[in-house]
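Before any comments, here is the structure.
The structure displayed is predicted, hence computed values, not measured ones.
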Amino acid sequence: GNVKCVQYVLSVIMNDEGLVVKEVKTQKHLKGQKRNVFLDIYAIGSDGTEYDIEIQRKDEEASPERAFYNLAMLKTNMLDKKRPYSELRKAVVIFITEHDVIGDKKPLYTAEFLVKETGKPLGVDALILYVNNEIKDPKTKLGRLMHDFSCADPDKMYSKLLAARTKHFKNTEKGRSIMST
C-alpha cells in the first residue's frame, strides 16, 4: 500500500516520469455478477487512470483471458448506474511475469484496442501490459526495476526507494509481521 513505491513502479513501466499516484490498495475486491476478482495492487493516478498490477510467478495465471477479464472488471466498476459511458476513465492492467509468457523476448508487451482495417486506436482508453521479468538489462530503467523485483538483498538494488521498503519488510518486526499475514 505504499503510494511512493507504486508510483515509482508505474512511472518506470509506463515510461512517464510525471505520473502521480493518489491512491493505492492491495488485494482490492471487485465484485462481478458471476466471478469476483482480487487485484494484487490497485492504484488510481491523479488523472483518474485506474491501474491493476498483478505479480505472476505461474505462467498459466498470466493468460490474456485473465488480463482481459481484469480489464473488463476495472471498466465495469468505474461507473455508477445511469452515468454516461463517456465518463469511463482509462484502465491499465499490468502483469509482471516471472517468465516471458508472450515468448518474443521483449521486456515489455503493450496490447491496446485497434481498428484492424486502419491500425488506429479505437479510443476506449484501455491497455494491457506484460512486463517480462526475465530481461534485467541494467542499461534501462525497466531492466533495473526487474532486477530489483528479483533481488533478495536490498543493498544490491538499484532503487533506493524500493531497497528501503524491502529492508523494512525484512528487518523490522512490523515488516515481518505484515509479510507473514
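- In this structure, Asp16 contributes its side chain and Ser11 its backbone to no donor-acceptor pair below 3.5 Å.
- In this structure, Lys90 and Asp47 have side chains that are not in contact, with every pair of non-hydrogen atoms separated by 4.5 Å or more.
- Once rounded to the nearest 0.5 Å, the distance linking CZ of Arg57 with NE2 of His99 reads 8.0 Å.
- The heavy-atom pair separating Leu127 from Thr110 by the smallest distance is CD2-CG2, 4.0 Å.
- Contact between Tyr51 and Gly45 at its shortest, heavy atoms only, is CE1-N, 4.1 Å.
- If you take SG on Cys151 and NZ on Lys136, they are separated by 10.5 Å, rounding to the nearest 0.5 Å.
- Cluster membership check: Leu74 does not share its hydrophobic cluster with Met14, using side-chain heavy-atom separations under 4.5 Å among Ile, Leu, Val, Met, Phe, Trp and Tyr.
- Closest heavy-atom contact between Ala163 and Met157: CA-SD, 3.4 Å.
- Between atom CD of residue Glu50 and atom CG of residue Leu71 there is a gap of 10.5 Å, rounded to the nearest 0.5 Å.
- Atom CG of Leu122 sits about 14.5 Å away from atom NZ of Lys116, to the nearest 0.5 Å.
- In this structure the side chain of Pro107 never reaches within 4.5 angstrom of the side chain of Thr140, judged on heavy atoms.
- Put simply, Val3 and Ile53 are part of the same group of oily side chains (I, L, V, M, F, W, Y) that touch within less than 4.5 Å, one to the next.
- A side-chain donor-acceptor contact under 3.5 Å links Tyr130 to the backbone of Ala62.
- Proximity of Arg83 to Lys81: side-chain heavy atoms (C-beta onward) are nowhere separated by under 4.5 Å.
- Within 6.0 Å of atom CZ in Phe68, 12 or fewer heavy atoms from other residues, nucleotides or ligands are found, so the atom counts as exposed in its surroundings.
- Under the 4.5 Å side-chain criterion, counting only non-hydrogen atoms from C-beta, Ser159 is in contact with Tyr8.
- Scanning both residues, Met73 and Arg35, for their nearest heavy atoms gives CE-O, 3.9 Å.
- Counting only distance, with no hydrogens or angles, the side chain of Arg144 and the backbone of Pro138 share a donor-acceptor pair below 3.5 Å.
- Clustering ILVMFWY residues whenever any of their side-chain heavy atoms sit less than 4.5 angstrom apart, transitively, puts Leu10 in a cluster other than the one holding Ile128.
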Discussion item. Show, in sequence, the C-alpha distance, side-chain angles and deciding distance for Leu145 and His147, and conclude whether the side chain to side chain contact (heavy atoms under 4.5 Å, CB included) test is met.
Written reply: CA-CA 5 Å; Leu145 177 65; His147 167 272; over 6 Å; no
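- Glu54 has a carboxylate O that lies under 4.0 Å from a charged side-chain N of Arg66, or vice versa, which qualifies the two as a salt bridge.
- With contacts defined as side-chain heavy-atom distances shorter than 4.5 Å, the pair Leu88/Leu79 qualifies.
- Between the OG atom of Ser63 and the CZ atom of Phe95 there is a distance of 6.5 Å, given to the nearest 0.5 Å.
- Without hydrogens or angle criteria, Gln7 side chain to Val21 main chain gives a donor-acceptor distance under 3.5 Å.
- A donor-acceptor pair under 3.5 Å is absent between the side-chain atoms of Thr26 and the main chain of Tyr42, judged by distance alone.
- When the side chains of ILVMFWY residues are joined at heavy-atom separations under 4.5 Å, either directly or via intervening members, Leu19 and Ile94 end up in a single hydrophobic cluster.
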Worksheet item: Stepwise, does the side chain to side chain contact (heavy atoms under 4.5 Å, CB included) test hold for Leu142 with Ile13?
Response: CA-CA 6 Å; Leu142 186 60; Ile13 292 171; 4.1 Å; yes
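- Judged purely by distance below 3.5 Å, without hydrogens or angles, the side chains of Ser150 and Asn133 pair a donor atom with an acceptor atom.
- Atom CG of Asn36 is surrounded by more than 12 heavy atoms from other residues, nucleotides or ligands within 6.0 Å.
- Arg89 has no carboxylate O lying under 4.0 Å from a charged side-chain N of Glu87, or vice versa, which leaves the two without a salt bridge.
- To the nearest 0.5 Å, atom OG1 of residue Thr97 and atom CD1 of residue Ile102 are 7.5 Å apart.
- Residues Ile135 and Lys106 approach most closely at CD1-C, 3.5 Å, considering heavy atoms.
- Annotation for Lys75 and Val124: closest pair NZ-O, 3.0 Å, computed over non-hydrogen atoms.
- No donor-acceptor pair under 3.5 Å is formed between the side chain of Asp59 and the backbone N or O of Val101.
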Worksheet item: Where do Tyr109 and Asp100 land on the side-chain hydrogen bond (donor to acceptor under 3.5 Å, both in side chains) test, with the steps shown first?
Response: CA-CA 10 Å; Tyr109 301 94; Asp100 185 358; 2.8 Å; yes
Practice prompt. For the pair Asn70 and Leu39, evaluate side chain to side chain contact (heavy atoms under 4.5 Å, CB included) and give the outcome as yes or no after the intermediate values.
Written response: CA-CA 8 Å; Asn70 283 18; Leu39 307 179; 3.9 Å; yes
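- Thr49 is not listed as a side-chain neighbour of Ile44, based on a closest heavy-atom distance of 4.5 Å or more.
- The number of heavy atoms from other shown groups lying within 6.0 Å of NZ (Lys28) is above 12.
- When atom types are taken as modelled, the side chain of Asp137 and the backbone of Gly143 share no donor-acceptor pair closer than 3.5 angstrom.
- A salt bridge between Glu17 and Lys141 is present, with a side-chain N of the basic residue lying under 4.0 Å from a carboxylate O of the acidic one.
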Item to complete: Begin from the C-alpha positions of Val9 and Val6 and carry the test side chain to side chain contact (heavy atoms under 4.5 Å, CB included) through to its verdict.
Response: CA-CA 5 Å; Val9 168; Val6 172; 5.6 Å; no
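- In this structure, Val24 is a member of the same hydrophobic cluster as Leu162, with clusters built from ILVMFWY side-chain heavy atoms closer than 4.5 Å.
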